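The next block holds one structure in the form of structure tokens; read it before the comments.
What you see below is based on every heavy atom in this structure, not just the backbone, and it leaves out hydrogens, waters and symmetry mates. Quick caveat: nothing in here was measured; it's all calculated off a predicted structure.
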Amino acid sequence: MRSGGDTRHGDTRRAVIKTAALACLLTVLAGCGGPGPTKRNGTDTATAGQPASTAPTAPATTDPTRIPGLGDRWQRRIPADSRQVLAVYGESRNSARSTVALYTRQGSTRESTWDRTRAWPAHNGRKGWTPDHREGDKRSPVGVFTLSDAGGVLPDPGARLPYTRSAAFAAPRWWAKAYWHDFDYVIAIDYNRVKGTPPNDQTRPGGYAKGGGIWLHMDHGSGTSACVSLSRPAMRYLLRTLDPDRHPVVVMGDRADLKS
């Protein structure tokens, strides 16, 4: 009888340990692209068969000292010393589709001009955008955020930002196969996180209710949990281009909000 009791107690302890480990992993990945309840074969039913919007021509502007498509309040939030701006133009408030464009400032003053370097189709939160992001709301936060740290499953491709390679970034294998490579490359968006730490660090200065773990990462063809996803070539280009000496930031939101 003693032997049988020990076995049962051992099984119970192992079950508790497995449950705790699973909860920890889900917390780490809560901010980024796991399959949601509206998936069919790993694809959002709301966007199935709909590719990310193709990168359009930059919005018309008569002032080359401004980032196209941004209203005054967003222009003012771009730090004066920033010479690289990644603009994420969401298709609409409730859309998971967006366009990402990289702008580089020629010069170091606010009177210097911005040139659009590259643009790519992308995805954002599967439910769209919000100015008040909350954990689990499936919407990407609207705002201006610095870009300080990078990492991923794969070796450093020549990143200028500090790069942390770790198997801990890998998506769980119970996710649909389309998501397995989402975190091969990631760039942390400095929303509710501590700059200078690996992207998967779980410290949340503003509290866990405000969410976190918001990244740029590789695209799986549909909306994310709150991150912004791009193609592998786009991620490799950004990793090799975003330069801490140029103080890169991301300006992100739906087009209507960004224009306001």
So [Y] and [X], do their side chains get closer than 4.5 Å, heavy atoms only?
{"X": "Pro157", "Y": "Tyr163", "value": "yes"}
{"X": "Ser229", "Y": "Asp182", "value": "no"}
{"X": "Leu70", "Y": "Lys259", "value": "no"}
{"X": "Arg255", "Y": "Glu91", "value": "no"}
{"X": "Val251", "Y": "Leu86", "value": "no"}
{"X": "Val250", "Y": "Val144", "value": "no"}
{"X": "Ile187", "Y": "Leu242", "value": "yes"}
{"X": "Tyr191", "Y": "Lys210", "value": "yes"}

For the [atom1] atom of [X] and the [atom2] atom of [Y], what is their distance to the nearest 0.5 Å?
{"X": "Asp243", "Y": "Arg160", "atom1": "CG", "atom2": "CZ", "result": "5.0 Å"}
{"X": "Asn124", "Y": "Thr99", "atom1": "CG", "atom2": "OG1", "result": "10.0 Å"}
{"X": "Arg83", "Y": "Asp245", "atom1": "CZ", "atom2": "CG", "result": "7.5 Å"}
{"X": "His123", "Y": "Ser222", "atom1": "NE2", "atom2": "OG", "result": "6.0 Å"}
{"X": "Trp129", "Y": "Asp137", "atom1": "CH2", "atom2": "CG", "result": "12.0 Å"}
{"X": "Leu102", "Y": "Arg116", "atom1": "CG", "atom2": "CZ", "result": "10.5 Å"}

When you measure from the side chain of [X] to the backbone of [Y], do you find a donor-acceptor pair of N or O atoms at a distance under 3.5 Å?
{"X": "Ser82", "Y": "His247", "answer": "yes"}
{"X": "Gln84", "Y": "Pro244", "answer": "no"}
{"X": "Asp184", "Y": "Val153", "answer": "no"}
{"X": "His220", "Y": "Gly223", "answer": "yes"}
{"X": "Trp180", "Y": "Trp175", "answer": "yes"}
{"X": "Ser166", "Y": "Ala168", "answer": "yes"}

Practice problem: Indicate whether the side chain of Thr104 and that of Thr117 have a donor and an acceptor atom separated by less than 3.5 Å. | Solution: yes
Quiz prompt | Polar side chain donor-acceptor pair, Ser92 to Asp254, under 3.5 angstrom | solution = no
Quiz item: Within 45° of the axis and under 6.0 Å from the centre of the six-membered ring of Tyr185, does NZ or CZ of Arg232 qualify?
Solution: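 Cation-pi check for Arg232 and Tyr185: fails.
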Quiz item: Is it the case that Arg66 places NZ or CZ above or below the six-membered ring of Trp114, under 6.0 angstrom from the centre and within 45 degrees of the axis?
Solution: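 Arg66 over Trp114 ring: no.
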Which atom pair, heavy atoms only, marks the closest approach of [X] to [Y]?
{"X": "Leu230", "Y": "Ala122", "answer": "CG-CB, 4.2 Å"}
{"X": "Leu154", "Y": "Arg165", "answer": "O-CG, 3.5 Å"}
{"X": "Trp74", "Y": "Leu258", "answer": "CD1-O, 3.0 Å"}
{"X": "Arg126", "Y": "Ser225", "answer": "NH1-OG, 3.9 Å"}
{"X": "Ser140", "Y": "Cys227", "answer": "OG-O, 3.6 Å"}
{"X": "Tyr103", "Y": "Pro68", "answer": "CE2-CD, 3.5 Å"}

Practice problem: For the pair Arg139 and Asn94, evaluate side-chain hydrogen bond (donor to acceptor under 3.5 Å, both in side chains) and give the outcome as yes or no after the intermediate values. | Solution: CA-CA 8 Å; Arg139 292 180 179 271; Asn94 298 316; 2.9 Å; yes
Self-check item: Aromatic plane relationship, Phe183 with His217 - under 30° parallel, 30 to 60° tilted, over 60° perpendicular
Solution: perpendicular
Quiz item: Is the centre of the Phe169 ring less than 6.0 Å from the centre of the Trp215 ring?
Solution: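 Centroid separation for Phe169 and Trp215: below 6.0 Å.
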Exercise. Show your working on side-chain hydrogen bond (donor to acceptor under 3.5 Å, both in side chains) between Ser260 and Arg73 and close with a plain yes or no.
Key: CA-CA 7 Å; Ser260 65; Arg73 66 176 178 133; 3.0 Å; yes
Quiz item: Would Gln202 and Tyr208 satisfy side chain to side chain contact (heavy atoms under 4.5 Å, CB included), going step by step from the backbone distance to the final call?
Solution: CA-CA 9 Å; Gln202 287 300 296; Tyr208 282 83; 4.2 Å; yes
Practice problem: Check step by step if side-chain hydrogen bond (donor to acceptor under 3.5 Å, both in side chains) holds for Arg77 and Gln75. | Solution: CA-CA 5 Å; Arg77 294 185 189 184; Gln75 299 280 354; over 6 Å; no
Quiz item: Among Val249, Val85, Asp190, Ile189, which one satisfies side chain to side chain contact (heavy atoms under 4.5 Å, CB included) with Leu147?
Solution: Ile189
Practice problem: Start with the C-alpha gap between Thr130 and Asp132, add the side-chain angles, then the distance that decides, and say whether side-chain hydrogen bond (donor to acceptor under 3.5 Å, both in side chains) holds. | Solution: CA-CA 5 Å; Thr130 178; Asp132 185 23; over 6 Å; no
Exercise. Kindly indicate, with the supporting measurements, whether the criterion side chain to side chain contact (heavy atoms under 4.5 Å, CB included) is fulfilled by Ser112 and Gln106.
Key: CA-CA 6 Å; Ser112 302; Gln106 305 303 316; 5.5 Å; no
Quiz item: Between Asp257 and Arg93, is there a side-chain N and carboxylate O pair less than 4.0 Å apart?
Solution: yes
Quiz item: Thinking salt bridges, do Arg193 and Asp149 make one under a 4.0 Å N-O criterion?
Solution: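 So Arg193 pairs with Asp149 through a salt bridge.
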